[in-house]
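The model shown is predicted, which means the values in this text are computed figures rather than measured ones.
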Amino acid sequence: MDTMQLLILTMLGAGAAVRKIHVIGAKPCIPGSRPFQAALMKHGQIHCGGSLIDRKWVLTAAHCNKDIWSVLVYLGDYNLKTNEGTEQIRGVKNIIVHPGYNSRLQDKDFMLLELDEPAELNSNVSTISLATQCLAPGTKCTVSGWGTVTTPKKTFPKKLQCAEIYSISQDSCKERYRGLITENMLCAGVEQGGRSSCQGDSGGPLVCEGMLQGVVSWGTPICAQRGLPGVYANVCKAIQWVRDTIRDRPTQ
């Protein structure tokens with residue numbers, strides 16, 4: 001259990017860790033519908049997700065930085081257990097963690113990976129634009145990844161999973177996670193629970209109105225609980241850092 005999970009349990013009470021197992025409310029994405037989705041693979045297993053934001057750059061979460069040099073970045077993938085002929089595999093050339101990242105609170109939970117070779121853009125692999133404006137409450141969004149589809153027992157799917165969720169106001173987000181939410185975070189979920197990102201989805205995309213609005217960051221140790229939405233790194237707060245970083249290391 002990491003520091004953030006211990007903080008959540010302290011704030012919410014130990015009961016948050018012993019609730020009934022339930023399936024995370026995702027279903028397989030439409031093949032080819034998330035061409036920007038990256039899978040960060042380590043020893044053949046999903047490590048984290050990410051988003052292709054430039055031919056040579058993937059945006060993911062800073063807390064995915066453990067043993068990141070051993071990661072291979074899979075683009076254009078859908079079924080991780082099948083060679084579909086659409087995959088592009090890249091190594092990591094450079095790692096840039098947001099200079100303001102706070103690992104204890106998961107604040108500014110952003111990391112950029114420079115690929116060793118640019119992606120070849122096509123119908124299966126393409127970039128996604130970063131959100132330039134922060135999200136209005138109640139906006140419908142989609143989160144995707146290959147993270148566990150059951151909780152607390154972990155069951156990892158072969159196919160990319162998608163779930164529709166909704167953004168939540170900052171005031172409501174702060175009320176639900178007292179003392180843990182900063183302006184660099186946003187909450188999204190469904191009030192009744194049952195739909196959420198979970199372990200293995202970290203670093204993956206929260207897409208709203210066609211823009212990358214969030215990076216999967218953290219949540220409760222048992223995912224998708226009623227009234228406890230997932231927490232995402234707020235892309236609109238990091239866009240200048242991303243732009244400056246990419247500009248200072250131009251794609252060859």
Determine whether Leu121 and Ile53 fall in the same hydrophobic cluster, where Ile, Leu, Val, Met, Phe, Trp and Tyr are linked whenever their side-chain heavy atoms lie under 4.5 Å apart. no

Closer than 3.5 angstrom, by distance alone: can the side chain of Arg176 be matched with the main-chain N or O of Leu228 as a donor-acceptor pair? no

Audit row: Met111, Cys64, side-chain contact (heavy atoms from CB on, under 4.5 Å) steps and yes/no: CA-CA 8 Å; Met111 178 169 62; Cys64 293; 4.1 Å; yes

Within this structure, what is the CG-SG distance for the pair Leu160 and Cys29, rounded to the nearest 0.5 Å? 3.5 Å

Hydrophobic cluster membership, with links at side-chain heavy-atom distances under 4.5 Å among I/L/V/M/F/W/Y: are Val92 and Val97 in one? yes

Just by distance, with hydrogens left out, do Gln106 and Tyr101 show a side-chain donor and acceptor under 3.5 Å apart? yes

With Leu52 as reference, evaluate Val73, Leu113, Leu115, Ile128 under the side-chain contact (heavy atoms from CB on, under 4.5 Å) test and give the passing residue. Leu115

A side-chain contact here means heavy atoms from C-beta on lying under 4.5 Å apart; do Leu80 and Lys158 qualify? no

Closest non-hydrogen atoms of Met185 and Gln170, given as atom of the first, atom of the second and distance, are O-OE1, 3.1 Å

What I'd like to find out is whether the side chain of Val58 reaches to under 4.5 Å of the side chain of Glu114, using heavy atoms alone. no

Look only at the side chain of Ser167 and the backbone of Ala136, and say whether a donor-acceptor pair between them is shorter than 3.5 Å. yes

salt_bridge(Asp171, Lys174) N-O dist < 4.0 Å: no

Is there side-chain contact between His47 and Met41, with heavy atoms separated by less than 4.5 Å? no

NZ (Lys237) and OG1 (Thr182) are apart, to the nearest 0.5 Å, by 9.5 Å

If every non-hydrogen atom of Thr60 is compared with every non-hydrogen atom of Cys48, which pair is closest and at what distance? OG1-CB, 4.4 Å

Over all atoms of both residues, closest heavy-atom pair of Gly50 and Pro205: O-CD, 4.0 Å

Can you find a pair of side-chain heavy atoms, one from Tyr232 and one from Val215, that are under 4.5 Å apart? no

Working note: Tyr78 + Trp146, criterion ring-ring contact (aromatic ring centres under 6.0 Å, His included); need CA distance, chi angles, decisive distance, verdict. CA-CA 9 Å; Tyr78 179 68; Trp146 290 273; 8.1 Å; no

Rounded at 0.5 Å granularity, tell me how far NE2 in His63 sits from OG in Ser202. 3.0 Å

Within the distance-only criterion (no hydrogens, no angle test), does the side chain of Ser70 pair as donor or acceptor with the backbone N or O of Asp67 below 3.5 angstrom? yes

Report yes if the side chains of Tyr166 and Thr139 come closer than 4.5 Å at any heavy-atom pair, otherwise no. no

Worked check of side-chain contact (heavy atoms from CB on, under 4.5 Å) between Val125 and Phe36: CA-CA 6 Å; Val125 176; Phe36 49 84; over 6 Å; no

Ser51 side chain near Val207 side chain, heavy-atom distance below 4.5 Å: no

Tightest non-hydrogen contact, residues Ala119 and Arg90, listed as CA-NH2, 3.9 Å

Hydrophobic cluster membership, Leu59 vs Ile95, 4.5 Å side-chain cutoff: no

For Lys81 and Gln45, the nearest pair of non-hydrogen atoms, with its separation, is NZ-NE2, 4.2 Å

4.5 Å side-chain heavy-atom contact, Leu130 and Val242: yes

Give the cluster check for Leu112 versus Val71: same hydrophobic cluster or not, with ILVMFWY residues linked at side-chain heavy-atom distances below 4.5 Å. no

Scan Asp107, Asp109, Asp201, Asn184 and name whichever one has a side-chain hydrogen bond (donor to acceptor under 3.5 Å, both in side chains) with Ser217. Asp109

For Thr132 and Arg243 the tightest heavy-atom approach is CG2-NH2, 3.7 Å

What distance do Thr142 atom OG1 and Gln213 atom CD have between them, rounded to the nearest 0.5 Å? 12.5 Å

So, the side chain of Gln37 versus the backbone of Pro35: is there a donor-acceptor pair under 3.5 Å, distance only? no

Might you work through the side-chain contact (heavy atoms from CB on, under 4.5 Å) test for Trp218 and Val231, ending with a clear yes or no? CA-CA 5 Å; Trp218 60 272; Val231 183; 3.5 Å; yes

Within the side chain of Glu120, is there an N or O that forms a donor-acceptor pair under 3.5 Å with the backbone of Pro118? no

Should we say atom NZ of Lys42 is surrounded by more than 12 heavy atoms from elsewhere, each under 6.0 Å from it? yes

Would you say Leu135 ends up clustered with Ile168 if hydrophobic residues are merged whenever their side chains have heavy atoms under 4.5 Å apart, either directly or through other cluster members? no

Atom CD in Gln133, atom CD in Glu209: separation rounded to 0.5 Å? 10.0 Å

Could you tell me whether the side chain of Thr86 and the main chain of Asn124 form a donor-acceptor pair under 3.5 Å? no

Compare all side-chain heavy atoms of Glu183 with those of Asn234 and state whether any distance is below 4.5 angstrom. no

For His98 and Phe110, take the angle between the two ring planes, folded into 0 to 90°, and tell me which bin it lands in: parallel under 30, tilted 30 to 60, perpendicular over 60. tilted

To the nearest 0.5 Å, what is the distance between CG on Leu75 and CZ on Arg55? 11.5 Å

Take Leu186 and Val235 through the test side-chain contact (heavy atoms from CB on, under 4.5 Å) and record every step on the way to the result. CA-CA 9 Å; Leu186 68 92; Val235 169; over 6 Å; no

